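Take a look at the structure below.
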There are 2 protein chains.
Amino acid sequence: MTSAIADALRLPSGPVDLTAIDPDSAPGFDGKKADGKAALAGMQPELADLQERLWAERTAGSERRVLLVLQGMDTSGKGGVLRHTIGLVDPQGVRITSFKAPTEEERAHDFLWRIEKGLPEAGYIGVFDRSHYEDVLIARVHGLADPDEIERRYGAINEFEARLVDEGFSVLKCMLHISADEQKARLAERLANPEKHWKFNPGDLDERAHWPAYREAYEIALERTGTDIAPWHVVPADKKWFRNLAVGQILLDTLRGLDLQWPTADFDVTAETERLAAEAPVR
Amino acid sequence: MTSAIADALRLPSGPVDLTAIDPDSAPGFDGKKADGKAALAGMQPELADLQERLWAERTAGSERRVLLVLQGMDTSGKGGVLRHTIGLVDPQGVRITSFKAPTEEERAHDFLWRIEKGLPEAGYIGVFDRSHYEDVLIARVHGLADPDEIERRYGAINEFEARLVDEGFSVLKCMLHISADEQKARLAERLANPEKHWKFNPGDLDERAHWPAYREAYEIALERTGTDIAPWHVVPADKKWFRNLAVGQILLDTLRGLDLQWPTADFDVTAETERLAAEAPVR
């Protein structure tokens, strides 16, 4: 059983048309901004409980873990999701991996090499801030790899993610879907505020000229790599509060679906309780 | 300028007598539990602001970073500090490293080898959940290394931490100081609650027999490695709320002391603003 939000955002199979999804909408949620913020805050206790169960399971040998992939154009709010949604979870159980432009060493390997190294261990909620999808997005838009190689990568990604699921990963992929106008407003805001200048890069404006090419690259990637075992969710992201809420709900649904149980004691509880009660004074 | 709490907890140089520090006290703080929780929550905006400045500085080439070392007996609340205090900070800027019993590979290297690998990069707040201090604590109590080697390690630690400070680290070390009675109560609680059985290990009870030896090992370590550049704080930890507050205050003081400034733009702000305003329609 999944929530109305997750059901509304999960991408069905078949061709993808991002222009048909309104970035300013809030599918599956009836409330306003204040309701959305309250709903997200209200998830905290259950998220914390389920994360601790996932972590506890690991001590009993479970291999299960979660991988949340965040993709989206600049300013779409990957950082905001990490701060406001992932920030609700005990930081001990979270592993965030940010993928920047690949280094020379990384470029000398297959595109999945650095991804493998960033995978979460058992018991963790791993979050990818950008991911292996950059290798079929920016790589396609800017011709950073041959067309044959780009073509190969869609299949390689599907095989990779299928292997992860076999190994105990829950793979959830969210594309934060922002409009070009909203991005323009957010970039203007960064330029207007000296405290945000460090976030701005003149190259961000150059990239805007490739907006239609990025949209097409996303549509192809979403269609080719949206699978039953590792589905894509397109998260309307012009409303920051809905974006944060939606990713929280998708994560919560995933954790609920794992039916996480507290491990049973691998020692004699009664004997240990008596031993503690009977111990010589310690001071 | 540091706070009353940090001033009260910072260990002066000279011999250390942990029996003289009440684990149930709240030095430097006048309020009760509710006041302490409110004071910690009240730090959140400033902690978040300073952490983001530290992160932003990194983009302008700063090498500065923070390393918070958490040490303490089982149940002293290292995990609680991570959840309640470090959980206040944006998880993107935090790197937590937990040190368990060393692996075979780690034991084949110098004791600082695995520590080096766990150090935070520039811009991060790194937190060590246990640390290189285990190598002069449990190692001393259980004779896991020769006395000569243990003796060598105090000096090696001081040299290591001095190098870190030279490289741009702020090193803050907190010993969570719990009483044997409070530990007993917390272990009993774990045994009484099936949801906490996974946290219990029968070996925890065996370790209690070595309580005086651990205290002595801590006293020696604190005396030998408490330096002006990397001071120890002994944090009374029987009151969970005070423990969380105190570590938060020490972290906040440290960040305040860095006088963190937003980086200035390395591009022409006016020109970029005009370029964005004048761009061709993007859709």
Side-chain angles (χ1 to χ4, degrees), chain A residues 19 48-49 52-53 55-57 59-60 79 82-83 86-92 94-96 98 127 129 179-181 183-184 187-188 191-192 194-202 204-205 208-209 211-212 262-273 275-277 279-283, chain B residues 19 48-49 52-53 55-57 59-60 79 82-83 86-92 94-96 98 127 129 179-181 183-184 187-188 191-192 194-202 204-205 208-209 211-212 262-273 275-277 279-283:
Chain A
T19 65
D49 176 74
E52 192 173 12
R53 287 171 188 250
W55 183 257
E57 248 200 20
T59 65
L82 289 166
R83 189 156 44 249
I86 303 305
L88 295 176
V89 177
D90 188 337
Q92 292 171 94
V94 171
R95 179 169 178 190
I96 297 171
S98 295
V127 188
D129 170 8
S179 67
D181 284 349
Q183 186 192 59
K184 185 173 186 174
L187 290 173
L191 284 166
E195 296 191 357
K196 294 190 173 179
H197 284 168
W198 66 276
K199 291 187 176 183
F200 183 86
N201 187 320
D204 298 345
L205 298 197
R208 281 175 59 77
W211 191 273
W262 296 107
T264 50
D266 57 359
F267 55 87
D268 183 333
V269 177
T270 308
E272 293 299 320
T273 304
R275 185 156 76 103
L276 179 62
E279 73 170 6
V282 173
R283 62 175 59 92
Chain B
T19 65
D49 176 73
E52 192 174 11
R53 287 170 188 251
W55 182 258
E57 251 201 15
T59 65
L82 289 166
R83 188 155 45 246
I86 302 305
L88 295 176
V89 177
D90 187 336
Q92 291 172 93
V94 170
R95 180 169 176 189
I96 297 171
S98 295
V127 188
D129 171 9
S179 67
D181 284 350
Q183 187 192 59
K184 184 173 185 172
L187 289 173
L191 283 165
E195 295 191 357
K196 294 190 172 179
H197 284 169
W198 66 276
K199 291 186 176 185
F200 184 86
N201 186 320
D204 299 345
L205 298 197
R208 281 177 59 78
W211 191 273
W262 296 107
T264 50
D266 58 358
F267 55 88
D268 182 334
V269 177
T270 308
E272 292 299 320
T273 304
R275 186 156 75 103
L276 179 61
E279 73 170 9
V282 173
R283 60 175 60 90

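What you are looking at is a predicted structure, and each value in this text was computed from that prediction instead of being measured.
Note on ring orientation: taking the six-membered ring where Trp is involved, the planes of B:F267 and A:F200 are tilted (angle from 30° to 60°).
Per-residue heavy-atom pair counts under 4.5 Å with chain B were compared for A:R83, A:Q183, A:E57, and the maximum is reached by A:R83. Residue with the most contacts toward chain A among B:A180, B:P194, B:G87, B:A56: B:A56 (heavy-atom pairs, distance under 4.5 Å). Chosen from A:A271, A:P212, A:P202, the residue pairing most often with chain B at heavy-atom distances under 4.5 Å is A:P202. Each of B:A209, B:A60, B:P263, B:S179 has some count of heavy-atom pairs under 4.5 Å with chain A, and the biggest count is that of B:P263. Counting heavy-atom pairs closer than 4.5 Å to chain A, the top residue among B:A280, B:A188, B:G79 is B:G79.
For chain A, the nearby parts of B:V282 are the backbone and the side chain; heavy atoms of each come within less than 4.5 Å. At a 4.5 Å heavy-atom cutoff, the contact between A:A277 and chain B is made by backbone atoms alone. For a residue to count as touching a neighbouring chain, one of its non-hydrogen atoms must lie under 4.5 Å from one of that chain's; by this rule A:L82 touches chain B with backbone and side chain alike.
Legend: residues meeting salt bridge (Lys or Arg N to Asp or Glu O under 4.0 Å) with B:R53, ordered by chain and number and at least two apart, are B:D49. Remark: B:D129 pairs with no residue by the salt bridge (Lys or Arg N to Asp or Glu O under 4.0 Å) rule, at least two apart or across chains.
Residue A:L191 comes nearest to B:V269 through the heavy atom pair O-CG1, 3.6 Å, listed as atom of the first residue, atom of the second, then distance.
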Requested in this report: With side chain to side chain contact (heavy atoms under 4.5 Å, CB included) as the test, would you mind laying out the steps for A:I86 and B:Q92 before giving the verdict?
Outcome: CA-CA 9 Å; A:I86 303 305; B:Q92 291 172 93; over 6 Å; no

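Of the inter-residue distances, the one linking A:T59 atom OG1 with B:H197 atom NE2 reads 12.5 Å to the nearest 0.5 angstrom. Within the model, atoms CH2 of A:W55 and NZ of B:K199 stand 11.5 Å from one another, a figure rounded to the nearest 0.5 Å. Atom CD1 in A:I96 sits 12.5 Å away from atom CZ in B:R95 (nearest 0.5 Å). Distance check: B:R208 CZ to A:R275 CZ gives 11.0 Å after rounding to the nearest 0.5 Å.
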